[in-house]
Number of protein chains: 2
Amino acid sequence: MPKKLNKDASTEEKIKQAAKRLFTQKGFAETKTREIAEESGINLALLNYYFRSKQGLYNIIMKENMASFKQGLAELFGDTQLDVYQKIEKLAHYYIDEFITNPDLPMFIVNTIYMAGNDSTILEEDETSASRKIFVNQIKELVAQRKIKPIHPAHILSNMMGLIIFPFVIGPLLKKRANINDKAFVEMMKERKKLIPVWIKSMLEN
Amino acid sequence: MPKKLNKDASTEEKIKQAAKRLFTQKGFAETKTREIAEESGINLALLNYYFRSKQGLYNIIMKENMASFKQGLAELFGDTQLDVYQKIEKLAHYYIDEFITNPDLPMFIVNTIYMAGNDSTILEEDETSASRKIFVNQIKELVAQRKIKPIHPAHILSNMMGLIIFPFVIGPLLKKRANINDKAFVEMMKERKKLIPVWIKSMLEN
DNA sequence: GTCTATAGACGGATAGAC
DNA sequence: GTCTATCCGTCTATAGAC
């Protein structure tokens, strides 16, 4: 995803690019339509011309963000050629690279999931459901074969996601308290691509 | 912290109680001063009488929330009688109990930390800094003694916090996708009080 | 300290000219 | 499709009576 706005993009596209950046960074309530207009260099009225409302525009951006989050998940989880550990390794690599490129995406995702508690239909069953079941079954099989300790799959899901996503959302804390600058932070996240699969293996087996 | 409002509390206290609940649940932008007034049964004008502004009230609530988050951290980390694993065990117990009681606190904390990236002085050095150094030194010593693999302490911090906090902020996802109801969710979080110390030990030693 | 009433700014949305 | 001007509801904050 490019950082700079495409000057030759259509008006509609320019609005979406600015909206995506702002909504992802600051969320719905804190982003003002006037801001989006200014950022994208378009007239305020055009926002309502192309997208019916602020909420309509937000929903589009949210779906795109969540889709980009889920992208690859279905195929990866559903791939019967890969074992559990191979999947975790691919998962860590894929998402950490994604989050290094889009550092505001993790917080947006977390917020969206959290808000789904009160709200919405965001977490309805989707294309990842079937493939997630395949992954869960692989875990159950490892348990049955006594290769790992008995554990509820939700713990594993939580731990994988937490180890991958959480450092990004507490980045400011790590940077301030551990005296890590931006460059070192990225290096540390890259380290985690290798560390997380090893950690999870240890957790499961011991 | 009690769920019901104290009817005999002073006006100032009543405002703070309602504000705490609403701000913690919905954040700054989505909470309206009128809501706080209505919830606490006071007149809207009194909010500005006691606290200069909405922002002023929010800052107080935020500091209290962050203080309650840090409470115990300093003493625990600084306690030279406890080894690393004992500290992690106490940490998991303390915070998971805290978060079960205040389920919106985790998201509030995460949001506050994340916003500190752009903003503020929230993450300034505080009383936990000195004691955190003691904890970090204990880790370094374990590495020096070859009892655990070499690792940057920030990874351990991330992992501990992630394993403890993250499941709470993705609660809605776990509940929908893993068919866990509220009661089972709490049970699962209680399980984690015991599991997390074991997991971290495995991660560090293997 | 507590109330009513309202000022004053902001933000989403649209009418209507071009 | 794009613009200016403006409507109108919402919100924070305060003036001023009691």
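Order of the sequence lines fixes the chain letters, A, B, ..., with proteins taken first and strands second; residue numbering starts at 1 for each chain.
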J.: Picking from C:dT14, C:dC3, D:dT2, which would you name as closest to the side chain of A:Leu46?
T.: D:dT2
J.: Is it true that B:Thr24 and B:Asn65 share a donor-acceptor pair across their side chains at a distance under 3.5 Å?
T.: yes
J.: Does a side-chain N or O of B:Thr11 approach OP1 or OP2 of C:dG1 to a distance below 4.0 Å, or not?
T.: no
J.: Without hydrogens or angle criteria, can the side chains of B:Glu191 and A:His152 be said to hold a donor-acceptor pair below 3.5 Å?
T.: no
J.: Which nucleotide sits closest to the side chain of B:Asn43: D:dC3, D:dA13, C:dC3?
T.: C:dC3
J.: Between P on C:dG12 and CG on A:Leu22, what's the gap in Å once rounded to a whole number?
T.: 12 Å
J.: What is the separation between atom OH on A:Tyr49 and atom P on C:dG16, rounded to the nearest whole Å?
T.: 17 Å
J.: Rounded to the nearest Å, what distance is computed from the CD atom of residue B:Gln55 to the P atom of nucleotide D:dA13?
T.: 9 Å
J.: Side-chain donor-acceptor pair under 3.5 Å between A:Gln55 and A:Asn59, yes or no?
T.: yes
J.: Rounded to whole angstrom units, what separation is found between the CD1 atom of A:Ile15 and the P atom of D:dG1?
T.: 11 Å
J.: Nearest-Å distance, OH (A:Tyr58) to P (C:dG12)?
T.: 14 Å
J.: Relative to the 5' end of DNA chain C, which residue comes earlier, B:Leu44 or B:Tyr50, by the nucleotide with the nearest heavy atom?
T.: B:Tyr50
J.: Which class fits the ring pair B:Phe28 and B:Phe23: parallel under 30°, tilted 30 to 60°, perpendicular over 60°?
T.: parallel
J.: What I want to find out is whether B:Lys20 reaches B:Asp104 closely enough, with some N-O distance under 4.0 Å, to be called a salt bridge.
T.: no
J.: Taking the side chain of B:Lys54 as heavy atoms from C-beta outward, which of D:dT2, D:dA13, C:dG12 is closest to it?
T.: D:dA13
J.: Please report the distance, rounded to the nearest Å, between CD in B:Glu12 and P in C:dT2.
T.: 10 Å
J.: Roughly how bent is the helix from C:dG1-D:dC18 to C:dC18-D:dG1 end to end, in steps of 10 degrees, with each end axis from five pairs?
T.: 10°
J.: Taking the side chain as every heavy atom from C-beta outward, state whether B:Lys87 and B:Ile134 have any atom pair closer than 4.5 Å.
T.: yes
J.: Please report, rounded to the nearest Å, how far the P atom of D:dT4 is from the CG atom of A:Leu47.
T.: 16 Å
J.: Does any residue of residues 26-34 of chain A have a heavy atom under 4.0 Å from DNA chain C, and if so, which ones, in number order?
T.: A:Thr31, A:Lys32, A:Thr33, A:Arg34
J.: Can you find a heavy atom in the side chain of B:Ile165 that is under 4.5 Å from one in the side chain of B:Tyr95?
T.: no
J.: B:Asn48 CG to C:dG1 P: how many Å, rounded?
T.: 16 Å
J.: Any side-chain heavy-atom pair from B:Asn48 and B:Thr33 closer than 4.5 angstrom?
T.: no
J.: Do A:Phe166 and B:Val110 have side chains that get closer than 4.5 Å, going by heavy atoms?
T.: yes
J.: Nearest to the side chain of B:Ala45, which nucleotide is it out of C:dT2, C:dC3, C:dT14?
T.: C:dC3
J.: Using the side-chain heavy atoms of B:Ser53, tell me which of these nucleotides is nearest: C:dT14, D:dT2, D:dA13.
T.: D:dA13
J.: Answer yes or no: is there an ion pair linking B:Asp126 with B:Arg132, defined by an N-O contact shorter than 4.0 Å?
T.: no
